[in-house]
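Numbers restart at 1 for each chain; the letters A, B, ... are given by sequence-line order, proteins then strands. Atoms considered below: every heavy atom in the structure, side chains included; atoms not considered: hydrogens, waters and symmetry mates.
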Amino acid sequence: MSAYTAGLLAEIGIGGIAALGVYVILATGQLSLGNAAFMAIGAYAAGWLTVTHDVGLTAAVLAGALLSGIVGVLVGFPALRLRGIYLAMATLGFGEMTRSFFLFFEPLGGAAGFSGMRQLQVSTIWIWLGIVLGVLVLLARSRLWLTLRAVNDDEVAANLIGLHATALKVGAFGMGAAISGISGALFAHWHLFIEPGNFGFERSTELVMAVILGGSTVAAGPVLGAGLLVLLPETLRFVADWRLAAFGALLILVLLVRRQGLLDRNLLRALTFRRRGAEARPEAAEVS
Amino acid sequence: MLLSRRSLTLLAAAGVLPVARAQAQAGRLAGREIRIGAIVPSSGPFAEWGRANAATLRMVEEQVNGAGGVEGAKLKLFIYDDAARPAQAANLVRKLADDDKVLAIAGPLTSSACEVAFPVANQAKLPAISQASSKPGTAAANRPWAFRNTIDEAVLMRSALPFLKTTYKVAKAAVIYDAKDANSVSLGTRIMPEMLAEHGIALANAGNLASFNTGDIDVSAQVTALKGLNPDAVVCAADYSQAVTVIREMRRQGFVKPVIGGTPLISSAILRAAPDMPIISTATYYAGQEGEAAKRFTDAVTPVLRRTAGLPNTIEPSMYDAHMYEIVGIYLDAVRKAGITLADADLEADRGRIRGHLEHLTSYNGLSGPIHFNPDGDAVKTYFVVVGQNGRWTEKLRGCSTAGNLTC
């Protein structure tokens with residue numbers, strides 16, 4: 001494997017984990033445009049621990065995720081009063097606030113950035129991706145996930161049947177933040193240099209785009225989306241200056257043809273040769 | 001972007017590129033290829049700089065090969081767009097090192113991209129020279145393979161500030177900076193306040209520096225506040241595309257004072273924004289620079305840039321185009337003098353030889369005189385303090401970023 005391929009794989013792994021953070025939050029019907037901020041918290045916390053306190057990588061990644069998760073819960077509470085576009089705006093504000101904080105927080109380098117980390121292997125990134133993806137796939141089969149989806153489908157009805165929608169929404173926010181924190185911690189130890197500009201609004205929207213493009217109903221979707229967001233601009237190099245325009249056009253095309261994202265349950269079943277999609281078929285029959 | 005045969009002959013005759021002279025030498029490297037990589041931001045926020053860089057590089061490639069190459073070897077440039085994104089720049093270094101098997105790299109342009117791309121160049125043991133990064137310490141943190149054909153902003157300001165102080169009788173200055181751009185933040189909040197104090201210029205808005213964000217189109221409130229302080233000069237820490245907004249607003253409010261900023265201020269757009277306002281900046285090249293080599297470069301590259309699709313037809317070559325031109329020249333100088341074989345089996349050794357050549361670079365003449373690299377990997381070369389007024393840049397002072405016994 002060439003170093004270039006390895007670099008792309010690392011980007012996909014890091015982006016995939018971060019996109020999974022957005023996916024968990026989106027599962028409860030909340031749209032976060034501030035997940036890059038959770039990446040920043042994970043990145044700076046883990047980087048600071050390994051550089052100045054000589055903490056091991058795994059412990060630092062977990063600590064970064066924990067801190068990010070706590071901040072996520074704190075942000076999740078006030079966000080409860082907000083829905084839809086208003087929540088999106090609030091998380092966007094939080095993202096910008098966090099970026100500005102790191103820009104002026106001199107102990108962590110401020111505008112000059114933070115460095116000194118030791119580089120990890122691409123395989124480490126993918127092991128973390130595997131763990132996060134595994135947990136989410138297991139979670140998707142659990143009762144907890146059903147309750148999360150219930151909150152997404154109809155919050156009032158979910159409350160009426162005795163589900164604690166508040167706890168579920170805040171919990172999802174915290175979990176999504178923690179997952180993005182893991183991604184940030186790995187980012188810091190792959191690129192060896194972090195600065196606030198790495199975690200701006202652009203990255204947050206990229207993460208949401210990965211989920212929408214790849215598919216927001218199955219955990220593999222966001223990872224596929226993140227992969228495409230890394231690989232498409234690279235493979236479109238032959239169109240030179242029109243590269244990003246071509247990339248945008250492809251995105252619109254995909255969304256027109258497959259609104260649910262590239263991967264959904266039916267496609268995933270077809271791809272894995274599982275025939276348990278019986279419940280999907282009557283639906284299709286009804287439509288036809 | 002084809003150069004006419006006549007202009008090629010002229011360039012060759014005038015010895016624009018030392019390679020033209022090499023044509024006469026025996027083809028020690030006949031049939032081989034000099035593979036050099038370049039990372040430029042042809043899309044994204046610095047697209048104009050990136051596209052102009054790419055056009056300059058293609059012109060150099062054409063000139064060199066049109067003149068018969070270097071000792072018989074053809075120059076082949078691999079030019080990639082990193083969209084000014086650090087992660088893409090880092091991956092492109094890997095691609096250039098492993099897939100394209102280049103000897104060395106020119107780029108990346110931004111300091112943010114250099115911060116992540118230089119460690120990769122170090123791992124790959126591949127020489128890289130940035131054409132624009134001037135954030136203090138970026139190459140120094142990534143020795144021994146990282147170099148920059150630029151001078152640290154702090155070094156340049158030590159010449160520009162005394163000039164500002166005496167010429168415009170400045171006792172008090174106010175700072176405004178782009179709070180979204182990391183380089184502008186470090187220049188505006190750290191480097192400049194320290195430098196002003198060092199030169200005995202009072203900071204009018206100490207503790208309450210004015211700021212705006214990249215892309216802001218209305219800075220009237222900030223400029224009104226600055227005007228209220230009645231400073232003798234304004235420090236604008238931002239790249240030219242953002243500084244234009246500040247300068248236009250200052251002029252609209254009748255607040256005509258000298259404006260000083262870092263190297264990213266140099267551009268023709270700044271001159272057009274407020275022709276009557278003196279803009280003090282530092283540069284290692286500017287369009288209109290005197291001197292034979294600089295003039296030849298300007299005359300050759302300006303029509304090429306103006307013909308290039310995606311660039312304004314009034315564009316003038318930037319300092320970064322000149323740096324790119326010099327970087328390729330430095331690499332070709334190494335090919336000629338450092339015993340490079342260009343054989344596939346010698347790739348690693350060749351890269352090492354180029355690095356060694358850069359470390360002890362003594363024989364290369366750039367557009368404004370000799371270029372060396374100091375132990376931090378930054379260029380020791382001539383620089384100018386220039387004032388932009390009435391539509392043109394005028395040289396006011398000349399300095400050298402001397403280091404130890406290395407001098408211009």
> Looking at chain A, which one of B:V120, B:N183, B:L92, B:T189 has the largest number of heavy-atom pairs inside 4.5 Å, strictly under?
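Result: the option with the highest number of such pairs is B:L92.
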> Please output the residues of residues 32-56 of chain A in contact with chain B, using a heavy-atom cutoff of under 4.5 Å, in numerical order.
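Result: none.
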> Could you tell me whether the side chains of B:S133 and B:R148 share a donor-acceptor contact shorter than 3.5 Å?
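Yes.
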> Let me know if B:A179 has heavy atoms under 4.5 Å from chain A in its side chain, its backbone, both or neither.
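Both the backbone and the side chain of B:A179 come within 4.5 Å of chain A.
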> Would you check if there is a donor-acceptor pair between the side chains of B:T150 and B:Q131 at a distance under 3.5 Å?
no
> For B:Y177, enumerate each residue passing the ring pair (Phe, Tyr, Trp, His ring centres under 6.0 Å) test, keeping only those at least two apart in sequence or located in another chain.
none
> Between A:L192 and chain B, which part of the residue has a heavy atom less than 4.5 Å away: side chain, backbone, both or neither?
side chain
> Against chain A, work out which of B:A90, B:A87, B:S184 has the most heavy-atom pairs shorter than 4.5 Å and name it.
B:A87
> Return the set of residues passing side-chain hydrogen bond (donor to acceptor under 3.5 Å, both in side chains) with A:E206 (not counting sequence neighbours), or none when no residue passes.
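In terms of side-chain hydrogen bond (donor to acceptor under 3.5 Å, both in side chains), with neighbours along the sequence ignored, A:E206 is linked to B:R85.
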> For each of A:G197, A:A112, A:A10, tally heavy-atom pairs with chain B at distances under 4.5 Å, and name the one with the top tally.
A:A112
> Is the shortest side-chain N to carboxylate O distance from B:R190 to A:E106 below 4.0 Å?
yes
> Count the heavy atoms of every other residue, nucleotide or ligand shown that sit under 6.0 Å from CD of A:Q121, and state whether that count exceeds 12.
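Counting other residues, nucleotides and ligands, CD of A:Q121 stays at 12 neighbours or fewer.
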> Taking B:T214's backbone N and O only, do any of them form a donor-acceptor pair with B:D178's side chain (distance below 3.5 Å, no angle check)?
yes
> Can you say whether B:A83 sits under 4.5 Å from chain A via the side chain, the backbone, both, or neither, judging by heavy atoms?
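For B:A83, backbone and side chain are both near chain A.
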> Quick test of your reading of the model: are B:E61 and B:K76 salt-bridged, counting only N-O distances below 4.0 Å?
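Result for this pair is no, no salt bridge flagged.
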> Holding to ring pair (Phe, Tyr, Trp, His ring centres under 6.0 Å), I want the full list of residues that pass it with B:W49, two or more places apart in sequence or in another chain.
B:F46, B:Y240, B:Y320
> Find the one option among B:V116, B:N91, B:V185 whose heavy-atom pairs under 4.5 Å with chain A are most numerous.
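Of B:V116, B:N91, B:V185, B:N91 has the most heavy-atom pairs under 4.5 Å with chain A.
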> So which part of B:K95 gets closer than 4.5 Å to some heavy atom of chain A, the side chain, the backbone, both or neither?
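Both backbone and side chain.
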> May I ask you to say whether A:E234 pairs ionically with A:R237, meaning some side-chain N is under 4.0 Å from a carboxylate O?
yes
> Checking heavy atoms, do the side chain of A:F104, its backbone, both or neither come under 4.5 Å from chain B?
side chain
